[in-house]
S.K.: 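This is the structure I want to talk about, given as structure tokens.
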2 protein chains.
Amino acid sequence: MEYTVQKLAQLAGVSSRTLRYYDEIGILKPARINSSGYRIYGQKEVDRLQQILFYRELGVNLETIKDIMTSPSYDGANALKEHREQLLEKRKQLDLLISNVEKTIASTEGRIDMSNKEKFEGFKKKMVEENEQKYGKEIREKYGEETVNKSNAKLLNMSEEDYKAVTQLEARLWETLAEAFKIGDPASETAQKAADLHKQWLTYYWAEYSKEAHAGLAQMYVDDERFTAYYDKEQPGTAEFLRDAIHIYTGQK
Amino acid sequence: MEYTVQKLAQLAGVSSRTLRYYDEIGILKPARINSSGYRIYGQKEVDRLQQILFYRELGVNLETIKDIMTSPSYDGANALKEHREQLLEKRKQLDLLISNVEKTIASTEGRIDMSNKEKFEGFKKKMVEENEQKYGKEIREKYGEETVNKSNAKLLNMSEEDYKAVTQLEARLWETLAEAFKIGDPASETAQKAADLHKQWLTYYWAEYSKEAHAGLAQMYVDDERFTAYYDKEQPGTAEFLRDAIHIYTGQK
DNA sequence: GATACACCTTTACGTCGCGTGAAGGTCAAT
DNA sequence: ATTGACCTTCACGCGACGTAAAGGTGTATC
């Protein structure tokens, strides 16, 4: 079965403009162009569009969708399983919102008390996800598409549980780093502990860890003002110190 | 408890830019501006922001949110009840998508057959809603904010069931209209039946029906080329015929 | 073959809801 | 006074299309 633009648009519930745009940006090319110059889509494109719409529904931007789906490691069957997991996550968030609105109703009726913080339960999760997407972009600019495609795919799998774990890792990293800085030796046991915590933190963002990449990222913390500022905010010199500790940890120095 | 921009932004999980933008477009004004020119938000604004975020979560554009919330008939407690209903609807749609992805997985594993149409179940609903929002805008341009605010509020309450009913009404309207046109008399029983069906169709979009508004809309069908084209697509002259039938129905002629 | 209508193409400008940054002011702790 | 966090306004840019113009194609009907 073949489809021209409007036929496929109607089938999928998108606009023909969307399909032309997707062709233009290379995310969904037609199977062929007929003698009149018309786009002709086939079964493969139907299935691909479905996947795109799932990613879109999950809030993934088109550039990232394209990266993921053009990666050699992309596997349609696995992607579907991931979509399912993400959709279940999304439903959890929606359940949070439903619970929130029900509590708010009870609160306005004077049945319960509700803090201002609770009033935004379920909305906040979104912001966290957006920040994580943004951070992924920073890494891309430094390390290229291949690494980041993988990390984005992994990123989308991060559960609430993982997120908590990451947050805790980060907190421990800061503590350990501050302590190690006081000791003053990037080779100390404490500093090496910090480097290890940093590695563990990274494994939540990187699908594959390598010492080279770790060392390179540490160098970036010192070379890039924004990262330096971030790490030095509590104690100037922290970015350099962490870079040194990581270089020792990874055997680059 | 009072909040400056960042405090409220953090509480709610939005950006400070968002809050400034909301002030700028008049959707969420601060309680006051302090002597330094800083925006200061209070409890009322916290609650209002929560409502805005619920509407936003439900896909309502900011202009419409503003209209709804500034309408004299706006009632925060009722809005919360509506949010709840809409969120439950949204969950139904999400369940459709989850069901879809599960079926697609089963299909790729060869366990079931799945049509291309089924592959887009759950995505299509969205497009319908978007079209309805757009249509609401058409009416606004002709009838002003007051009527449309109410119709938008009603629009958001439209359930799947209502939607089906509307679709069926529309189908019957077209049938009856075609039949009445053949008879050729806008005063005929059939034509009056069509006008009545049209009224019933309208009650899904208008919170309040009036004969004047109905007659005015019918005139608009003839005056505005786009509506005329829509009604004349199967039989030229249909827009005028329907206008006449409605004028008789509403006693305007 | 001509006509009408629905659909196709490309090009191009615009919209919405912010994100980002610049330039400069304010607050609070040291 | 200094520093760092936060505030303001202004302004440009972005992603994902929506809309329209100008012109070509397919199909049914006369």
Side-chain angles (χ1 to χ4, degrees), chain A residues 2-10 12-28 30 32-41 52-53 55-57 59-67 126-127 130-131 133-135 137-138 141 225-226 229-230 232-236, chain B residues 2-10 12-28 30 32-41 52-53 55-57 59-67 126-127 130-131 133-135 137-138 141 225-226 229-230 232-236:
Chain A
E2 295 194 326
Y3 302 87
T4 52
V5 168
Q6 198 186 22
K7 285 288 171 61
L8 183 58
Q10 278 184 348
V14 298
S15 69
S16 50
R17 177 73 181 103
T18 298
L19 293 179
R20 285 188 204 101
Y21 181 62
Y22 285 1
D23 180 14
E24 180 188 323
I25 63 175
I27 201 173
L28 179 66
R32 60 188 177 87
I33 308 293
N34 78 6
S35 55
S36 316
Y38 286 16
R39 293 171 178 82
I40 306 294
Y41 299 90
I52 290 165
L53 293 183
Y55 279 119
R56 213 178 66 167
E57 183 66 31
V60 183
N61 68 48
L62 296 183
E63 185 66 26
T64 303
I65 295 172
K66 184 182 165 189
D67 292 342
K126 217 162 210 177
M127 183 174 169
E130 281 161 2
N131 280 345
Q133 284 272 51
K134 183 180 163 186
Y135 193 69
K137 191 174 161 188
E138 291 284 339
E141 285 172 6
E225 280 178 356
R226 286 168 302 177
Y230 177 68
D232 282 1
K233 73 187 177 188
E234 303 228 344
Q235 177 67 257
Chain B
E2 295 194 325
Y3 301 87
T4 51
V5 167
Q6 199 186 20
K7 285 289 172 63
L8 183 58
Q10 278 184 346
V14 299
S15 69
S16 50
R17 176 75 180 100
T18 298
L19 293 179
R20 285 187 203 103
Y21 181 64
Y22 287 179
D23 180 13
E24 181 188 325
I25 63 174
I27 201 173
L28 179 65
R32 60 188 177 88
I33 307 293
N34 78 6
S35 56
S36 317
Y38 287 16
R39 294 172 176 83
I40 307 294
Y41 299 90
I52 290 165
L53 293 183
Y55 280 118
R56 212 178 66 168
E57 183 67 30
V60 183
N61 67 48
L62 297 182
E63 186 66 24
T64 303
I65 294 171
K66 184 183 166 189
D67 292 340
K126 215 161 213 181
M127 182 174 169
E130 281 162 4
N131 281 344
Q133 284 272 54
K134 183 179 163 186
Y135 194 70
K137 191 174 161 188
E138 292 282 339
E141 285 172 5
E225 279 178 0
R226 286 168 303 178
Y230 177 68
D232 283 1
K233 74 187 174 189
E234 301 228 346
Q235 178 68 258

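All chains are named by letter (A, B, ...) in the order of the sequence lines, taking the proteins before the strands, and each is independently numbered beginning at 1. Bear in mind the structure is a predicted one, so any value in this text is a computation, not a measurement.
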S.K.: Give one of base, sugar-phosphate or nothing for A:Ser16, where a contact means two heavy atoms less than 4.0 Å apart.
M.R.: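 Nothing, no nucleic acid heavy atom in range.
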S.K.: Going by heavy atoms in the side chains, are B:Asp23 and B:Arg39 under 4.5 Å from each other?
M.R.: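 Yes - at least one pair of side-chain heavy atoms lies under 4.5 Å apart.
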S.K.: Is the phosphate of D:dC7 approached by B:Arg39 (side-chain N or O, under 4.0 Å from OP1 or OP2)?
M.R.: no
S.K.: Of all the choices, D:dT8, C:dG19, D:dA16, which nucleotide is nearest to the side chain of B:Ser15 once you look at every atom?
M.R.: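 The nucleotide sitting nearest to the side chain is C:dG19.
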S.K.: When you check the phosphate oxygens OP1 and OP2 of C:dG17, does a side-chain N or O of B:Arg20 lie under 4.0 Å from one of them?
M.R.: no
S.K.: Of all the choices, D:dC17, D:dC7, C:dG17, which nucleotide is nearest to the side chain of B:Tyr21 once you look at every atom?
M.R.: C:dG17
S.K.: Would you check, one step at a time, whether the test side chain to side chain contact (heavy atoms under 4.5 Å, CB included) holds for A:Thr4 with A:Ile40?
M.R.: CA-CA 5 Å; A:Thr4 52; A:Ile40 306 294; 3.9 Å; yes
S.K.: Roughly how many Å is it from CZ in B:Arg32 to P in D:dT8, rounded to a whole number?
M.R.: 13 Å
S.K.: So, taking the atom named CG in A:Leu28 and the one named CD1 in A:Ile65, what distance separates them when rounded to the nearest 0.5 Å?
M.R.: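 Answer for the CG-CD1 pair, A:Leu28 versus A:Ile65, is 11.0 Å.
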S.K.: From C-beta outward on B:Leu62, which listed nucleotide comes closest to its side chain: C:dG17, C:dT10, D:dC17?
M.R.: C:dG17
S.K.: Going by modelled atom types, is there a donor-acceptor pair between the base of C:dT20 and the side chain of B:Arg17 at under 3.5 Å?
M.R.: yes
S.K.: Any donor-acceptor pair, under 3.5 Å, between the side chain of A:Tyr38 and the base of D:dG24, if you only look at N and O atoms?
M.R.: yes
S.K.: For A:Glu63 and D:dG13, what is the distance between atoms CD and P respectively, to the nearest whole Å?
M.R.: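 Answer to the nearest Å: 20 Å.
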S.K.: For a quick check of understanding: with a heavy-atom distance under 4.0 Å over all strands, which category does A:Ile25 fall into, base, sugar-phosphate or nothing?
M.R.: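 If one applies the 4.0 Å heavy-atom cut-off, A:Ile25 turns out to touch nothing in the nucleic acid.
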S.K.: Tell me: CD1 of B:Ile40 to P of D:dC7, nearest whole Å?
M.R.: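 Atom-to-atom, B:Ile40 to D:dC7, this comes out as 9 Å.
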S.K.: Once you round it to whole Å, what is the distance between P of C:dC7 and CG of A:Leu19?
M.R.: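 It works out to 14 Å between those atoms.
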S.K.: Could you check which of C:dC8, C:dG19, D:dC17 has an atom nearest any side-chain atom of B:Thr18?
M.R.: C:dG19
S.K.: Under 4.0 Å from OP1 or OP2 of C:dT9: is there any side-chain N or O of A:Ser36 that close?
M.R.: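 Looking at the OP1 and OP2 atoms of C:dT9, neither is under 4.0 Å from any side-chain N or O of A:Ser36.
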S.K.: Output the rounded distance in Å from CG (B:Leu53) to C1' (C:dG17).
M.R.: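 Interatomic distance, CG of B:Leu53 to C1' of C:dG17: 13 Å.
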S.K.: Within this structure, what is the CD-to-C1' distance between B:Glu24 and D:dC7, rounded to whole angstrom?
M.R.: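 The distance from CD of B:Glu24 to C1' of D:dC7 comes to 16 Å, rounded to the nearest Å.
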S.K.: If you only use heavy atoms from C-beta on, which nucleotide in D:dC6, C:dC18, D:dA16 is closest to the side chain of A:Asn61?
M.R.: D:dA16
S.K.: For residues A:Leu19 and A:Tyr41, determine if any side-chain heavy atom of one lies less than 4.5 Å from a side-chain heavy atom of the other.
M.R.: yes
S.K.: Evaluate the side chain to side chain contact (heavy atoms under 4.5 Å, CB included) criterion for residues B:Leu62 and B:Tyr55: first the C-alpha distance (whole Å), next the side-chain angles of each, then the deciding distance (0.1 Å), finally the verdict.
M.R.: CA-CA 9 Å; B:Leu62 297 182; B:Tyr55 280 118; over 6 Å; no
S.K.: Rounded to the nearest Å, what distance is computed from the CD atom of residue A:Gln6 to the C1' atom of nucleotide C:dT9?
M.R.: 14 Å
S.K.: To the nearest Å, give me how far apart NZ (A:Lys7) and C1' (C:dC7) are.
M.R.: 10 Å
S.K.: Side chains of B:Val14 and B:Arg56: closer than 4.5 Å at any heavy-atom pair?
M.R.: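 The answer is yes; the side chains approach within 4.5 Å.
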S.K.: Determine: side-chain N/O of A:Tyr22 to OP1/OP2 of D:dA16, distance under 4.0 Å, yes or no.
M.R.: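 Answer is no, no contact under 4.0 Å.
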